[in-house]
Amino acid sequence: FEDFEADFQVIAPNKFVDSLLPRGELHQLALGVVIMVIYFGFDGFTSTFQQMLYRRYSTSILNQIFFTTCFSSCMSTAWLLTTDQVPG
């Protein structure tokens with residue numbers, strides 16, 4: 001424990017995490033955690049929203065699949081066009 005405390009004092013307190021992971025890896029780890037939290041939030045919302053649609057509007061599964069696919073295709077196309085990732 002004393003060795004750890006001595007090492008910690010050599011490194012400034014705000015630099016301790018950077019000493020454990022290189023800066024690039026730390027940012028990737030933080031970004032990954034944020035993306036997973038957002039994903040789990042939307043995943044929980046999706047199932048709740050689908051149940052509401054089934055109960056209230058008696059929406060068919062095929063309609064949901066069709067409109068979800070259309071929406072995601074439009075979003076993906078917009079993303080590719082705005083970030084200049086379309087070849088040619």
Side-chain angles (χ1 to χ4, degrees):
F1 182 73
E2 290 175 9
D3 290 335
F4 176 75
E5 189 174 322
D7 289 340
F8 184 71
Q9 289 175 357
V10 171
I11 301 169
N14 59 347
K15 303 286 184 186
F16 180 68
V17 175
D18 286 339
S19 70
L20 296 176
L21 290 172
R23 188 163 179 81
E25 290 180 24
L26 180 64
H27 288 274
Q28 286 181 351
L29 177 66
L31 181 62
V33 168
V34 168
I35 290 172
M36 286 301 294
V37 167
I38 291 171
Y39 170 77
F40 286 137
F42 278 108
D43 190 47
F45 172 75
T46 300
S47 62
T48 304
F49 190 71
Q50 284 177 344
Q51 288 177 358
M52 183 198 69
L53 287 176
Y54 288 138
R55 289 183 189 144
R56 257 194 211 166
Y57 304 107
S58 62
T59 306
S60 73
I61 294 174
L62 291 177
N63 279 343
Q64 286 189 13
I65 292 171
F66 175 74
F67 286 110
T68 302
T69 303
C70 287
F71 179 76
S72 65
S73 296
C74 290
M75 291 298 290
S76 297
T77 302
W79 179 267
L80 289 173
L81 292 174
T82 58
T83 57
D84 293 329
Q85 294 184 22
V86 178

Novice: With Ile65 as reference, evaluate Thr68, Thr69, Asn63 under the side-chain contact (heavy atoms from CB on, under 4.5 Å) test and give the passing residue.
Specialist: Thr69
Novice: Can you tell me how far the OG atom of Ser76 sits from the CZ atom of Phe71, to the nearest 0.5 Å?
Specialist: 9.5 Å
Novice: Working to the nearest 0.5 angstrom, can you tell me the gap between Thr48 OG1 and Asp43 CG?
Specialist: 9.5 Å
Novice: Work out which heavy atom in Tyr54 is nearest to a heavy atom in Ile61; give both atom names and the distance.
Specialist: OH-CG1, 3.3 Å
Novice: What distance separates Ile35 CD1 from Tyr39 OH, expressed to the nearest 0.5 Å?
Specialist: 13.0 Å
Novice: Calculate, to the nearest 0.5 Å, the distance between atoms CG and CZ belonging to Leu53 and Phe67 respectively.
Specialist: 11.5 Å
Novice: Quick one: CG on Leu31 to CD on Gln28, what's the gap to the nearest 0.5 Å?
Specialist: 8.0 Å
Novice: Give me the ring orientation class for Phe45 and Phe49: parallel if the planes are under 30° apart, tilted from 30 to 60°, perpendicular past 60°.
Specialist: parallel
